[in-house]
Amino acid sequence: MGKKINDNSNGERQGKRKNKKHFARNVLLFAAFLMVFVLSFGSYQTYAYIDDAPTLDANKLSLPQSSTIYDAEGNKIQDIVGKEHRKVVAFDEIPTEVINAFIAVEDVRFFDHNGVDIKRIGGAVVANVKDGFGAEGASTITQQVVKNMLLEPEKTMKRKVQEAYLAVQLEKKYSKQEILSMYLNKIYFGQGAYGVATAADVYFNKSLDELTTGEAALLAGLPQRPSGYDPYKHPELANDRRATVLGLMKQHGFISEKEREKEASISVQEMIVEQKKQPTTNDAFIDQVIADLEKAGISEEALYSGGLEVYTTLDQGAQEIVDKALTTNRAVTYPDEKFRAGISLLDTQTGAIRAIGGNRQTGENDVQKGFNYATQLERPPGSTIKPILDYAPGIEKHKWSTNKQFVDEELELNGKEFSNWNDEFQGSVSIREALKWSYNIPAIKAFMEVGGKEAQAFAKDLGISIDQTYPAYAIGGFAKGISPLQLSGAYAAFGSGGTFHEPYSVEKVVYPNGKELALTSESNRVMNEGTAYMITDMLRTVVQEGTGMQAGVNGLDIAGKTGTTNLPEGINGDGTSDAWFSGYTTNYTAAVWTGYDQTTQESYIRKKDDDIAKLLFQHVISKVSEGKETKSFEKPESIVELKIDKNTGLRANGQTSSSDIIKELYFKGEEPKKAVIPEPKKPEPVKEDNGNDSNNSEADKKPTSDQPANEEESDKKDSTKEDNNVDQVEENADNNEPKKEPEEEKKEEPSESNKEQEPAKEEPVEEEPQSTDDPAEEQESDQGTEEDNSSNSDNDSTGNSDTNGGTSEGNADNSGDSGENEEESNTGSSNGNSSNTGGNETGETNEDNASDENNENNPSDESNASEESNSGSGTTNGNNNQNSSGNTNNNGSNENNETQGSNDESDENQDSSEETNKESNDSSTSNVKKSGNNNDSSQGEGETTQKQKSNDNE
C-alpha cells in the first residue's frame, strides 16, 4: 500500500514537471509568435507612417507659420502672428549663455545625437509605462523643429514615428548650428513673441547680446507653457520655472553654484519691463480659444507657429457690443476705475461662445493683458445657484410643481442663523414666489429635502463641480466659487429644454495638410423638458415681477436670476461683495459678474451699484437680439398649466375670486385634486298649521334627500377623490339637518325676519346660510371666516358661500319656499345662485360649476357684486334653512318682512339655527371664510381655538 502511494507521489511530481515544461514552452512559442507578428506588423506600419510623412521645407523650418482665426461666419478675424514679432537672427548672433540655457533644459545631448536621443527615449518609455502614454516626451530640439510640419500636432504613435524619421533626415541635411538657429527663431515665447530675439525685446527691452544668464534662463523656460509661465500673469510660476532652468545649467556644468544663487536671487518682476503689447478687443476670446485647444491636445505653440486654420464660434458684432459695454459708460455708469465686470455670452441651444467680456480695460489703459473675469474668475454665485442646486433637482427627482410650498421662517442650522435679504419671514410660500423675491429659507429647505448628494450630482451635470454640500451652498455661499462662463453654461441647459452643452469656442481646426479636427461640444440630456420649462417659467416671473425686472427687455421672452453675496465680517456698509445676473432667451444666454478684486472697507459694491449686473445683461441681450427672431419658450406636452386657488392649493373654479387665482405648472398625472360640488340636501317639508308658523311646520315635515339619481353616481365618484377633510365635512353636513324643536334658551331675536313662501313643488333648491340682522349675533368659526353676501332686487336673491378650502359652485332657480342645500367640504367652497320668479319653482344643479375655469358667464359674478354692495347692513335674505357650516341665511324677499307673525317665525328659526350651529361646529373641521362688510366677530359654542393661514395648505 505504501509503495503504491510513493509510486503515485513520484508520478504526480513527474506530471507536474512535465506540465511546467509544456507551459513554459507554450509561453515561449506564444512570445515568439507575438514578437514576429509585432515586428512584421510594426515594420509594415512604421513604413506606412514614414511613407506618409511630409517633405522638409526650408521656409517652414526656419520661420513660424502664421495660424489664422476665423469667426462663426467664416470671416477672418486675424493672423495671430505679426511681422513686428518676427525677428530672425543668425547662429553667430546668439550668445553662449542663451544656447546653454536652452540646451540644459530641452536637449542636453543635442550635439551628440543624430536627431533622436535613444537614451532619452528609454527614460520616456519607462515614464509612459508607469504613468501612461504621453506622460513624458523624448523629443530632441531637432524633433521640435519638425513637429509642427506634421500631420497631427497631438501626441500619437504616427506623429512620433514621423517626427523621429524627419529629425534624422534633418540632421543629414543641416548642421547642428543651423538646426539650433531654426529652433530659436521659430519657437513661441508668449505675449505674441516668436523667436528668442523677439522675446528678449518684449520681456526685457534688450538685444540678445545684452541678456544676463538669469534672463536667458527665464526665456528658456517659457516655450514649454507660454501662457502658464507668463511672467506678467504668473510671476511666481515663472520664477519657479527659471529656478529649474538655472538648476539644470548648474547640474550640467554650464554655470557655477555661486552664479546660480546670484541669478536666482533676482525676482522676475525686477527683470521684466512694462508690457508693451496692447491687447485687441478679441484677447479675452483668444484666451478661451487657447484653453479649448489645449484641452484638445493642441499646444499653444502649435497654435502660434503651426500654420493652423482655427474656426471659432465668435460673433464679432456681439463681441463689439460686450467690449463697448465694459469699456465705456454707454450701457451703465461705473462707480470707479477699480470696479470690475465679466460677461459670458453663449448660444442657448448649442453652448457656442459668442462673446467674452474679460475685463473693463483695453487699449492704452490695459497695461497688462490682465485677468479674464469671464473665464478665470472664482467667486461665490449667490442666489443665482438656487435654480441649479435647490429647485431643479427637486422638480426633476420628486415631480414638484411650481406651487410647491416651503415655510419661510426663522432657521438655525449647526449654530448658524439664516435670514432673508429683507430680514423678514413670509410664512408658507411657493417656490415660484421664493425665486421671484429670492428668499433664502425656502431655498435652504428645498436643498435639504432634495439632499446634498442629489444636488451635487445635478450641478455637476451642468458643469459646476462642488466638493462639499453645506446648507450655505444652497444660497450660493461657496468656498471656491465659479466663473460667468460656467454659470452661463448651466443656465443655457434650462433654455435648451434640459440639454447641457459644455461651452466651447472652437468649431474645428484645419491642419496645413488639410486634415480637420472637429471640436464642437456634445449634447448631454441632464433633465427632462418639463423640469427645464418649470425653472424657465419661474425665472420669467423673476424678470417680469421680481428682483430681476431691470434686466427685462420689451418684446423678448427672458428668464433669469439675480444673485448677491454678503460683505465679509468686519466690513460695514450697505452693499455686497459680488453682484450677479444670469439669464437667457431661446437664442442667447448671458451671465454677468460685477465686483472688486478685493472686497475692502473702501472697495465694495454700494447699494446703488448692485443693479449694474442686471443693466449690463439688459443692454447686451437687447443689442445682440436686434433684427433677429427670438421665439418664446414652449411648454412641453408633459406639463399642464392650471388655475389654482392660492389659498388652498386646489384648482380654482367659477366661485374663486380673481384676486385669489394664480397659474401654476404641474407634471401630467401630478395635478392637484379639484374641489367637488357636494350632494345637495332637500329641505324638510314645511309644516302646515293654522298659525303664523305654517311655513316652518311644512318645512319640518319635508325629508332631506340627495341629488337626483342621474347625478348621484357621478358625485359619489368625485367625492372619493377628496382628502379626509372632505369626507369629514360631508359627514358633518349630514348631521346638520334642521332641528324640529327649538332650544330652551334662545338668542336675541333679529330686528327683522323674512317670511318663507310655501313651495309649489318639492324639488331641491339651494339653501343659504342664515344670519341675523344684528352683527353681534352672526356666528363665525375661529378657524376661518364666513362670507355672507346678499342682494335684493325684484324678488331675485343670490347667495354665495365660500369655505376656506377651495371653490365649487351651484346654481338654482327657486320659486316658492323650497330650497336646495349644497354641502361644502374643507377643500372646496360653494357659490349658490338663486332667482325667485313668481310662484314657479325649479331646482337645478349646474354641474359645470365644478369646473375650474369656465364660469365667467355665470350670473353669480353679477350677484356677488350686488351682494357685496348690500352686505353692509349685516342682514341676509333666505329661507332659514341650515347648511353644513352651522350658519344660516334668511333667503327670500324683503317685501315679505312686514307680514303677520314674522317675529314668531324668526324666533323659531333662530332657535333651530343655534342648535344646528352648535352641532356643526363641534363636529366639522372645515374652515369658513367670511368677507364683505360683515363684522368679524366670533361667538357660540362652536368656536375653535386656532386660526390657520390661508397659504398653509401645501
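Applying the ring pair (Phe, Tyr, Trp, His ring centres under 6.0 Å) test to Tyr174 and every residue at least two apart in sequence or in another chain returns nothing. Residues meeting the side-chain hydrogen bond (donor to acceptor under 3.5 Å, both in side chains) test with Ser505, sequence neighbours left out: Asp292. Annotation: salt bridge (charged side-chain N to carboxylate O under 4.0 Å, His left out) contacts of Glu634 (sequence neighbours excluded): none. Considering only residues two or more places apart in sequence or on other chains, Glu502 meets the side-chain hydrogen bond (donor to acceptor under 3.5 Å, both in side chains) condition with Lys295. Applying the ring pair (Phe, Tyr, Trp, His ring centres under 6.0 Å) test to Phe478 and every residue at least two apart in sequence or in another chain returns Tyr473. Applying the side-chain hydrogen bond (donor to acceptor under 3.5 Å, both in side chains) criterion to Lys628, with sequence neighbours excluded, gives Tyr588. Looking at residues two or more places apart in sequence or on another chain, you find no ring pair (Phe, Tyr, Trp, His ring centres under 6.0 Å) involving Tyr391. Taking the side-chain hydrogen bond (donor to acceptor under 3.5 Å, both in side chains) definition, one finds that Ser622 meets it with nothing, sequence neighbours left out. Asp578 is linked by a salt bridge (charged side-chain N to carboxylate O under 4.0 Å, His left out) to Arg379, counting only residues two or more places apart in sequence or in another chain. Tyr229 meets the ring pair (Phe, Tyr, Trp, His ring centres under 6.0 Å) test with no other residue; sequence neighbours excluded. By the salt bridge (charged side-chain N to carboxylate O under 4.0 Å, His left out) test, Glu529 is found to be paired with no residue, residues two or more places apart in sequence or in another chain being considered.
Between Leu485 and Leu346, some side-chain heavy-atom pair lies under the 4.5 Å cut-off. Residues Phe102 and Ile187 are in side-chain contact: their nearest non-hydrogen atoms beyond the backbone lie under 4.5 Å apart. Taking 4.5 Å as the limit, some side-chain heavy atom of Tyr491 sits within range of a side-chain heavy atom of Thr384. Contact check for Ile179 versus Val145: side-chain heavy atoms found under the 4.5 Å cut-off. Contact check for Val105 versus Thr244: no side-chain heavy atoms found under the 4.5 Å cut-off. By the 4.5 Å heavy-atom criterion applied to side chains, Leu314 and Gln319 are counted as neighbours. Considering only heavy atoms from C-beta on, Ile356 stays 4.5 Å or farther from Leu345 through its side chain. Side-chain contact between Glu378 and Ile482 is absent, with no heavy-atom pair separated by less than 4.5 Å.
Checking side-chain atoms of Asp461 against main-chain N and O of Val526 turns up no donor-acceptor pair under 3.5 Å. Remark: the backbone N or O of Ala193 is not paired with any side-chain donor or acceptor of Thr198 at under 3.5 angstrom.
With 3.5 Å as the limit, one finds no donor-acceptor pair spanning the side chains of Ser227 and Asp230. Side chains of Asn75 and Gln316: no donor on one and acceptor on the other come within 3.5 Å. A donor-acceptor pair shorter than 3.5 Å cannot be found between the side chains of Thr313 and Glu507.
Between Phe633 and Phe494, the distance separating the two ring centers is not shorter than 6.0 angstrom.
The heavy-atom pair separating Ala341 from Tyr373 by the smallest distance is O-CB, 3.8 Å. Of all the heavy atoms in Pro381 and Gly476, the pair that sits closest is CD-O, 3.4 Å. Closest non-hydrogen pair, Ala455 versus Pro393, comes out as CA-CG, 4.3 Å. The shortest non-hydrogen separation linking Ile141 to Asp107 is N-OD2, 3.1 Å. The two residues Ile353 and Phe285 make their nearest non-hydrogen contact at O-CE1, 3.6 Å. Across Ala532 and Gly497, no two heavy atoms sit closer than the pair CB-C, 3.6 Å.
Residue pairs that meet the salt bridge (Lys or Arg N to Asp or Glu O under 4.0 Å) test with at least one member in residues 344-358, sequence neighbours left out, are Asp347-Arg354.
Among the candidates Thr536, Thr589, Thr348, the single residue satisfying the side chain to side chain donor-acceptor pair (under 3.5 Å) test with Tyr584 is Thr536.
Rounding to the nearest 0.5 Å places OG1 of Thr630 at 4.0 Å from CG of Asn587. Taking CG of Leu517 as the start and NZ of Lys508 as the end, the distance is 11.0 Å to the nearest 0.5 Å.
At most 12 heavy atoms of other shown residues, nucleotides or ligands fall within 6.0 angstrom of atom NZ in Lys623.
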